[in-house]
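Quick caveat, the model's predicted, so the values are computed rather than measured.
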Amino acid sequence: MALDGIVTKAIVHELQAFIGARVGKIYQPSTHDLIFILRGAGGGGKLLLSANPTYPRLHLSERSSVNPAEAPMFCMLLRKHCEGGTIESIAQVGMERIIHINIRTRDELGDVSAKQLIIELMGRHSNIILTDLASGTIIDGIHHVTPSISSYRVVMPGAAYTEPPQQHKLNPLEVGEEAFIKLMADAEEAALLGESEEKADPEDMIEGDIAGLLRSLEGPVQDGSGGPAPSADPGGWIVHAFSGISPLIAGEILYRAGKDYVPQNPEAPEKLWSAFDSVMKPVRELRFAPVSGNNAKGKPVFSAIPLTLLGEEVRHYSTISSCLEEYYGDKAERDTVKQRVADLIRFLTNERSKNVKKLAKLQKDLEEADDADQYRIWGELLFASLHTVSKGDKEARLVNYYDDNQAEITIPLDPLLTPSDNAQRYFKKYNKYKNSLLVIEEQQAKTHEEITYMETLLQQLAHASLNDIEEIRDELVSQGYLRDRSKKGKKKKKATRPTVQVYTSSEGVDIYVGKNNLQNEYVTNRLASPNDTWLHTKDIPGSHVVIRSEAFGDATLEEAAQLAAYYSQAKQSSSVPVDCTLIRHVRKPSGAKPGFVIYDHQKTLFVTPDEERIRSLPNTLRS
């Protein structure tokens, strides 16, 4: 896990500016995430607290998020106990990934009370717990831990707060050279002793185990003891012995020790200490310089201190929050979205496949219908030559009077039918195919429309946020593709206007981007003015983009075209054609699917989507 004790220390150091700040509003946009709006000290800001099992984190954020219409219970409880309160302290527990935020507030009677918000960033065991500072009693936690889940500690309202199990590791910032080298020697000796015990006779092993048990009963386990031998696995030993150090930082220490570092050499402890101290010195002095890049395996990593093992392609950040914001980006939301859209993607893919097969069958029927005149000719020739054909014949060779050369043709017959019935059969086929031509063409148009609609929805799901997914699901329900899953009698309160992503161009002009059909229809048909500019990828499923101004330069137009190409099926392509025209030339045909429009008076731009440029544009959510 990249978010280690060193990164946690950098976060806590950055947040010291907010001591004395007031907690304004509290939101809970998702199951695991909380947003605290801070005002006053530190200039104010938006603090993200996440107990996401895959991406737990705590940092300042500038991202916009859609909050549920009804706040979850834990959010309501935090509003009751923390809103309006003042942050008195923000502290890290040792070098662990545990942060304590003390908040002074007033209760319903006006009496001063102190609460402690405990943020535990520990992978799938991550939690955010609100406690009463004086008594240590848990008021509530974002994730409950019952006795059936953990016998060590309970996280439930009314229970006493218990810290996570101790790992018996040393604080790397408090270790000197002499203690470090001695710790290495002790670990080496303990590892050798462990190997000799493994090779001992069974009786000796039993005696050794009993002796070890007695030693453990005599006193607590020594911090930093155990683990692999430093000579065999120096990186593993560092991670095992010291708290707050991740395998990434251990790898950096070994990298700084040099390629000529040989763990078995007599000077190895001094060399390893020198590298260890060079990594810990800036942490000790609170001199953080966040970076991100790719490790040797090509995996993206980040750190609160410079990493020499990353090579040349390294990104530097002014704050740890900006580093975490870019690294995590919308990873957590994308993961949640993937889980939520799996059933929709499966349904839409199946519907698209069914329509593609239907289209192929209609094409086959169309080809057969094109031969309708041939069946008419066969029927007429048979009627004209009934005296030359007998029942039981499998074919009839007749002169084709419709041919200029009067050539002889072979007409296949059903031997079970009379010549007259065979002729009637061909006339029926002729009439059937003649009548079906119009139906087939109409069905083909409808099937093409269905395929385009499914592809459009699939493209929209690729860019969807959690809020967008629900709007797409509601659209499919309203169109009759899905059944309404909401409970009977419990009507969902629908917003009159959808929440739309709004970018600001480099010229300060608002650019609205619809990311599903509900938003597209709102942006194009209700929000935009007749002289606003509308953009969409040419013949490619994508978003409706509107420049909400009559006066703008080429830079705004190009940025809007970039957005139209980026939020389309051609996101990964180059030279994507984007049509642009005035809203007055865009209209929705009567009875068309949601989001479908026709337009004219367009001009076409060709752009290659640039993700970095799009990310650099300021954006927000508006409803």
Side-chain angles (χ1 to χ4, degrees), residues 347-458 479-481 536-541 569 577 579 587-600 602 604:
F347 170 77
L348 292 171
T349 305
N350 289 341
E351 284 294 309
R352 185 188 175 280
S353 299
K354 279 194 281 186
N355 279 288
V356 167
K357 287 177 185 175
K358 182 181 177 182
L359 198 62
K361 190 174 183 302
L362 286 170
Q363 185 60 37
K364 189 180 175 184
D365 290 345
L366 186 65
E367 288 167 4
E368 287 182 0
D370 285 339
D371 295 335
D373 278 341
Q374 183 186 22
Y375 294 128
R376 178 182 60 80
I377 291 167
W378 284 0
E380 289 180 356
L381 290 175
L382 280 171
F383 265 126
S385 309
L386 288 175
H387 60 285
T388 64
V389 184
S390 303
K391 184 178 179 180
D393 291 346
K394 292 184 178 179
E395 59 182 35
R397 294 178 179 276
L398 303 173
V399 176
N400 185 2
Y401 302 111
Y402 295 93
D403 184 35
D404 292 339
N405 299 321
Q406 302 285 299
E408 188 179 77
I409 63 168
T410 302
I411 301 172
L413 301 174
D414 185 343
L416 299 176
L417 300 177
T418 64
S420 175
D421 287 343
N422 269 300
Q424 287 289 351
R425 183 166 68 94
Y426 282 125
F427 278 125
K428 282 178 183 175
K429 271 193 175 184
Y430 164 70
N431 288 323
K432 175 190 171 186
Y433 285 128
K434 185 182 175 185
N435 294 332
S436 68
L437 268 173
L438 290 173
V439 178
I440 289 171
E441 287 170 1
E442 185 184 324
Q443 284 295 314
Q444 276 186 319
K446 281 185 178 178
T447 307
H448 273 297
E449 191 181 307
E450 284 290 313
I451 292 170
T452 304
Y453 182 55
M454 297 304 159
E455 287 177 347
T456 301
L457 290 177
L458 284 167
Q479 291 291 309
Y481 290 97
H536 192 283
T537 43
K538 182 180 175 66
D539 301 326
I540 301 168
Q569 211 172 59
D579 285 341
R587 56 204 172 277
K588 180 178 179 177
S590 178
K593 293 276 186 190
F596 182 80
V597 293
I598 54 175
Y599 55 91
D600 47 40
Q602 74 273 19
T604 305

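Contacts of E450 classified as side-chain hydrogen bond (donor to acceptor under 3.5 Å, both in side chains), with partners at least two apart in sequence or in another chain: Y481, K593. Residues forming a ring pair (Phe, Tyr, Trp, His ring centres under 6.0 Å) with Y401 (at least two apart in sequence, or on another chain): none. With sequence neighbours left out, the salt bridge (Lys or Arg N to Asp or Glu O under 4.0 Å) criterion links E449 to no other residue.
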**Message:** Please evaluate residues L348 and R352 with respect to the criterion side chain to side chain contact (heavy atoms under 4.5 Å, CB included), reporting the C-alpha separation (whole Å), side-chain torsions for both, the decisive distance (0.1 Å), and the verdict.
**Reply:** CA-CA 6 Å; L348 292 171; R352 185 188 175 280; over 6 Å; no
**Prompt:** Going through the distances and angles, do D365 and K432 end up as a salt bridge (Lys or Arg N to Asp or Glu O under 4.0 Å)?
**Reply:** CA-CA 11 Å; D365 290 345; K432 175 190 171 186; over 6 Å; no
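Side chain of N400 to backbone of A407: no donor-acceptor contact under 3.5 angstrom is found.
Contact of the R587 side chain with the D600 side chain is registered, since non-hydrogen atoms from C-beta on lie closer than 4.5 Å. For the pair Q443/I440, no side-chain contact is recorded, criterion being any heavy-atom separation below 4.5 Å from C-beta on. Considering only heavy atoms from C-beta on, L382 comes within 4.5 Å of L413 through its side chain. Side-chain atoms of I409 and L381, non-hydrogen and from C-beta on, do get closer than 4.5 Å to each other.
Once rounded to the nearest 0.5 Å, the distance linking NZ of K354 with CD1 of I451 reads 12.5 Å. Taken from OG1 in T349 to CD in E455, the straight-line distance is 10.5 Å, to the nearest 0.5 Å. Here the straight-line distance linking atom NZ of K361 with atom CG of L366 works out to 12.5 Å at 0.5 Å rounding. Interatomic distance, CD of Q569 versus CG of L458, reported as 8.0 Å (0.5 Å rounding). For the atom pair NZ (K428) and CZ (R425), the distance works out to 10.5 Å, reported to the nearest 0.5 Å. Note that CZ of R397 and OG1 of T410 are 4.0 Å apart. Values are rounded to the nearest 0.5 Å.
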